[in-house]
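Okay, structure first, notes after.
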Number of protein chains: 2
Amino acid sequence: MLAREGRAPGGKAPEGYDKYAFEPFAVTVDLAVLTVRGGVLQALLVERGQEPYAGRWALPGGFVLPHESAETAARRELAEETGLSDVSGLHLEQLRTYTEPDRDPRMRVVSVAYAALLPDPPEPRGGGDAAQAQWLRYNALGPLAFDHDRILADAHERVGAKLEYTCLATSFCPPEFTLGELQQVYETVWGTALDRPNFRRKVLATPGFVEQIPGAARLTGGRGKPAALYRAGGAKALHPPLLRPTSEGRPS
Amino acid sequence: MLAREGRAPGGKAPEGYDKYAFEPFAVTVDLAVLTVRGGVLQALLVERGQEPYAGRWALPGGFVLPHESAETAARRELAEETGLSDVSGLHLEQLRTYTEPDRDPRMRVVSVAYAALLPDPPEPRGGGDAAQAQWLRYNALGPLAFDHDRILADAHERVGAKLEYTCLATSFCPPEFTLGELQQVYETVWGTALDRPNFRRKVLATPGFVEQIPGAARLTGGRGKPAALYRAGGAKALHPPLLRPTSEGRPS
DNA sequence: CCTCTTTATAGTCGTAATGACTATTAGTCG
DNA sequence: CGACTAATAGTCATTACGACTATAAAGAGG
């Protein structure tokens, strides 16, 4: 892990360290917080008040503090930006780390990006003195600050892929949900329509994906037949996976 | 990306920056370099000469230099440790970033881990003054230094998963290979035996996975019928995926 | 040179999974 | 009540897959 060669640049070597020097970087976390609301994929963004990129939307985030891990920092920022008192149940997953030397014009910043998934209803209350975070439609975003377009796109791609072979979709749903709502998560993230009976068959055939709440039902938007309610099951993976419809024609 | 709140600890704020301070960390890359040689999964490791963890095996790695990205640093280290002059064709993929505050007892080090895959024949020549890197069997590794056990396990898991739905396996193979060799990559990484005709059928049915080199054949270890030679095709993903045999019994 | 062993390759067969449907049920709205 | 909407049930043909059997082409050893 540590350099065994004298290639590192100038800088102070802390006591008890190698004889080799290193260059310190600032380390931050960036959060791609996603939710599905009414068939629309939304991301939590903050408006920058100062240069660079003043007035642009940016991902919420902040510095990793000296005694916390990036994961802890991400969860702390998530609580601050969403205003939720308990974020312990939310799905938070490390996405990738962005290290291009010029990604922040002011200084060298290495950012560990996380993707977080929220069920529908969270109010975007920014906590106290924080800049107000807002939910914006994933489509219909202008260019974001820094390399945040790429981070957000990577988050979308990752989440879309994980829907195929994990039970991740339930993280977008409240504790009790209908299969129609679950299907809408898939359709919204993938941007494709799915056949309802087939989706249903597949989900129910996967043990531990969802479990029915006996006797419970809910009117979906007031119209149509009431749907049975389900909650997330214990399974984490989908075997076999629920593949998104392939657009590629297969040459014989 | 940058803190909008005054929570960061003491430290100097660079010119043109927020009024908020930050704490600098050292940033390194760690490499999980894997290869399959003769049905055995091997990892490239270096022996530590000094405390902490003196005498233990560790992943190759080093500091990210001030003007390079982590990816660049990883490729530089990869070239140094393997002694290969051209590592541009090798598969190198960011794995995850490890940020636990106590992962290095000497100081705060954030490490961006990469997984690299090599075809069989590379000699483990450590370049020049570098500690000699060696190929060791993935099984039969004692505890490694720092959190490198975890990093290596994460790399193994990631690679195993990506074999299922990408064409990654060809990265373990030389430019020309037989289907038997390709199958051995799967079997070695997954640790399971596969049915040869079924594997063959699946690979050949996936357009762009491999393409046959017309007329070419090779004796596999001197015994048996000569096998046709293939090279990697243009495809990156496998649709549908090549799932590893599931050990889980499905309750009806 | 003949047979055994080894590895590659071809093909078969039944079952599971999937995509494209149709039909029925249970609600609201006007 | 009848139109409309959404959930749920079921059908059917095709594809994919796991478990096999069979054949082909090489070397080894007597």
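Predicted model only: the values in this text are computed from it and were never measured. Chain identifiers are assigned alphabetically (A, B, ...) following the order of the sequence lines, protein sequences preceding nucleic acid strands; residue numbering begins at 1 within each chain. Heavy-atom basis, side chains included; hydrogens, waters and symmetry copies ignored.
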How would you list, by chain and number, every residue that makes a salt bridge (Lys or Arg N to Asp or Glu O under 4.0 Å) with [X], sequence neighbours excluded?
X: R231(A); value: E211(A)
X: R56(B); value: none
X: R137(B); value: none

(message) Taking ring-ring contact (aromatic ring centres under 6.0 Å, His included) as the cut-off, I'd like each qualifying pair that reaches into residues 159-179 of chain B, sequence neighbours left out, listed once.
(response) Y165(A)-Y165(B)

Nearest-angstrom distance from the residue atom [atom1] of [X] to [atom2] of [N]:
X: R244(A); N: dA17(C); atom1: CZ; atom2: C1'; answer: 19 Å
X: E181(A); N: dA6(D); atom1: CD; atom2: P; answer: 13 Å
X: L242(B); N: dC17(D); atom1: CG; atom2: C1'; answer: 11 Å

(request) List in chain and number order the residues that pass side-chain contact (heavy atoms from CB on, under 4.5 Å) with R150(B), two or more places apart in sequence or in another chain; answer none if no residue qualifies. (result)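 Only R96(B), Y98(B), D154(B) meet the side-chain contact (heavy atoms from CB on, under 4.5 Å) criterion with R150(B).
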
(request) When you get a sec, tell me which of dT18(C), dC17(D), dA25(D) is the closest nucleotide to the side chain of K225(B)? (result)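 Selected nucleotide (nearest to the side chain): dA25(D).
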
Polar-atom pairs under 3.5 Å, protein N or O versus N or O of nucleotides 27-30 of chain D: list them with distances, or write none.
none

(request) Report yes if at least one side-chain N or O of K202(B) is closer than 4.0 Å to OP1 or OP2 of dC17(D); otherwise report no. (result)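 Yes, because at least one side-chain N or O of K202(B) sits under 4.0 Å from OP1 or OP2 of dC17(D).
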
(message) With a 4.0 Å limit, can you tell me whether R196(B) has a side-chain N or O closer than that to the phosphate oxygens OP1/OP2 of dT9(C)?
(response)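 Looking at the OP1 and OP2 atoms of dT9(C), neither is under 4.0 Å from any side-chain N or O of R196(B).
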
(request) Would you mind listing every salt bridge (charged side-chain N to carboxylate O under 4.0 Å, His left out) that reaches into residues 183-200 of chain A, with sequence neighbours excluded? (result) none

(request) Could you list all the salt bridge (charged side-chain N to carboxylate O under 4.0 Å, His left out) pairs where at least one residue sits in residues 159-173 of chain A, not counting sequence neighbours? (result) E93(A)-K162(A), E164(A)-R244(A)

(request) Output the distance between atom CG (L238(B)) and atom OG1 (T166(B)), rounded to the nearest 0.5 Å. (result) 7.0 Å

What are the atom names and distances for every N/O pair under 3.5 Å that joins the protein to nucleotides 20-23 of chain C?
from, atom 1, to, atom 2, distance (Å)
dA20(C), N7, N198(A), ND2, 2.9
dA20(C), N6, N198(A), OD1, 3.2
dA20(C), N6, R201(A), NH2, 3.2

